[in-house]
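Computed from heavy atoms alone, side chains included, the values below leave out hydrogens, waters and symmetry copies. All residue numbers refer to positions in the sequence shown, counting from 1.
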Amino acid sequence: MHAKAAASTADVIMLDLEDSCPAAEKTAARAVVAASLNTLDWGGKTMTLRINPVDSPFALRDLLEVIPASGVRLDTVVLPKVESAGDLAFVDRALTALEAEAGIETPIGIEAIIESARALRDADAIAAASPRMRCLVFGIADYSASVNMPLTSVSGHGEADGVYPGDPLHFVYGRLIMCGKAAGLQVIDAPYGNFRDPEGLLRAAARSRALGFDGKWAIHPSQLEGLNRVFAPDDAEVARAREVIAAYEAAQAQGRGAAAIGGSMIDQASLRMARDVVRRMEAVHAKHGEQK
Ligand code: GLV
Ligand code: MG
């Protein structure tokens with residue numbers, strides 16, 4: 001699986017010591033993860049490691065064993081089942097000590113999975129808990145379990161709804177995005193569980209992007225192409241952004257603060273959005289080459 005992941009078109013790889021790893025395998029898995037980080041060619045991918053929750057019997061040793069062995073190739077630690085800003089402080093301090101011991105010069109970031117009612121309530125404090133924070137991730141299955149939402153699909157990863165009039169997670173998404181963005185973080189949506197339902201995946205991804213999510217976890221390689229397509233600006237979007245930038249700059253040169261394209265008014269907010277589209281397109285090209 002690790003070799004396949006290394007050869008894939010994912011932007012980010014998360015090696016998992018938590019819920020996909022059985023308790024009896026936790027010890028052996030640490031060595032596997034460290035070896036994969038050190039020996040496989042991950043190219044320009046962002047490399048992340050999901051450790052176990054801080055109050056589990058495993059988390060501390062996950063850090064103690066993997067960081068000195070291969071922390072230098074690790075971009076972030078993904079912390080599941082975060083319950084408070086204190087959980088982040090603990091991991092932050094542990095990383096500081098381990099980085100110093102191992103001579104790791106680039107600080108390792110932290111991604112927090114928000115997957116309980118308490119974490120969602122305190123998501124603003126969690127997002128601002130450490131300068132290492134990079135993003136909030138939505139843990140849909142554990143969150144649904146935490147608030148006793150009925151299981152409407154096989155995996156509980158967002159495949160089915162229809163009972164509730166509207167999206168039952170709408171508030172959750174809005175709060176996550178607000179808290180993450182207010183702290184300057186990226187916000188990443190949960191994976192779509194049914195990897196044999198490409199249309200459902202595209203619908204879910206388009207909805208996430210429309211709300212401001214920066215990306216979505218994939219649970220299977222077959223989901224990567226669709227996710228990369230939905231979250232990367234397409235040619236029409238880039239062309240429109242360039243038109244907005246050119247029109248705004250021309251207006252500015254004439255001392256005006258707003259302009260019009262067709263019948264639509266554009267101002268500084270339009271310029272900001274257009275520049276963001278171009279920045280995202282450049283980031284995609286940097287990771288995947290011109291054809292993405
Ligand atoms: C992910 O960890 C989830 O609980 O959905
Ligand atoms: Mg979870």
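A salt bridge is absent between R229 and D234; no separation between the charged side-chain nitrogens and carboxylate oxygens falls under 4.0 Å. Between D276 and R272 there is no salt bridge, since none of the side-chain N atoms of the basic residue sits less than 4.0 Å from a carboxylate O of the acidic one. Ion pair K45/D75 not flagged as a salt bridge, since none of the NZ, NE, NH1 or NH2 atoms sits closer than 4.0 Å to an Asp/Glu carboxylate oxygen. A salt bridge does not link D214 to R209: none of the charged side-chain nitrogens sits closer than 4.0 Å to a carboxylate oxygen. Checked for salt-bridge contact, K26 and D62 miss the test: no charged N lies under 4.0 Å from a carboxylate O.
Proximity of a side-chain donor or acceptor of S144 to a complementary backbone N or O of I140 within less than 3.5 Å is detected.
The two residues T48 and L74 make their nearest non-hydrogen contact at C-CD1, 4.0 Å. The two residues A34 and A69 make their nearest non-hydrogen contact at CB-CB, 4.0 Å. Between Y192 and D197, the shortest heavy-atom contact is OH-OD2, 2.6 Å. Heavy-atom minimum distance, W42 versus H2: CH2-O, 3.4 Å. Taking both residues in full, the closest heavy atoms of V72 and I104 are given as N-CD1, 3.8 Å, listed atom of the first, atom of the second, then distance. Here the shortest heavy-atom pairing between E83 and S116 reads OE2-OG, 2.6 Å.
Residues passing the side-chain contact (heavy atoms from CB on, under 4.5 Å) test with T27 are R30, sequence neighbours excluded. Every residue meeting the salt bridge (charged side-chain N to carboxylate O under 4.0 Å, His left out) condition with K81, not counting sequence neighbours, appears here in chain and number order: E18, D19, D142.
No side-chain donor from either of R50 and S20 sits under 3.5 Å from a side-chain acceptor of the other. In summary, the side chains of T46 and K287 do present a donor paired with an acceptor at a separation below 3.5 Å, with no hydrogens or angles considered.
The cluster map of Ile, Leu, Val, Met, Phe, Trp and Tyr, joined by side-chain heavy atoms under 4.5 Å apart, puts L136 and M14 in different clusters.
Remark: S70 OG to L49 CG distance equals 7.5 Å, nearest 0.5 Å.
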Would Y143 and L120 satisfy side chain to side chain contact (heavy atoms under 4.5 Å, CB included), going step by step from the backbone distance to the final call?
-> CA-CA 9 Å; Y143 179 82; L120 187 67; 3.6 Å; yes
Test log, rule side-chain hydrogen bond (donor to acceptor under 3.5 Å, both in side chains), inputs S146 and E115 | CA-CA 8 Å; S146 120; E115 47 187 347; over 6 Å; no
Derivation and outcome, ring pair (Phe, Tyr, Trp, His ring centres under 6.0 Å), residues F213 and Y173 | CA-CA 9 Å; F213 277 107; Y173 297 138; 5.6 Å; yes
Go through R275 and V244 one step at a time and tell me if the side chain to side chain contact (heavy atoms under 4.5 Å, CB included) criterion holds.
-> CA-CA 9 Å; R275 285 193 175 142; V244 168; over 6 Å; no
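For H170, the NE2 atom sits in a loose shell: 12 or fewer heavy atoms of surrounding residues, nucleotides or ligands are nearer than 6.0 Å.
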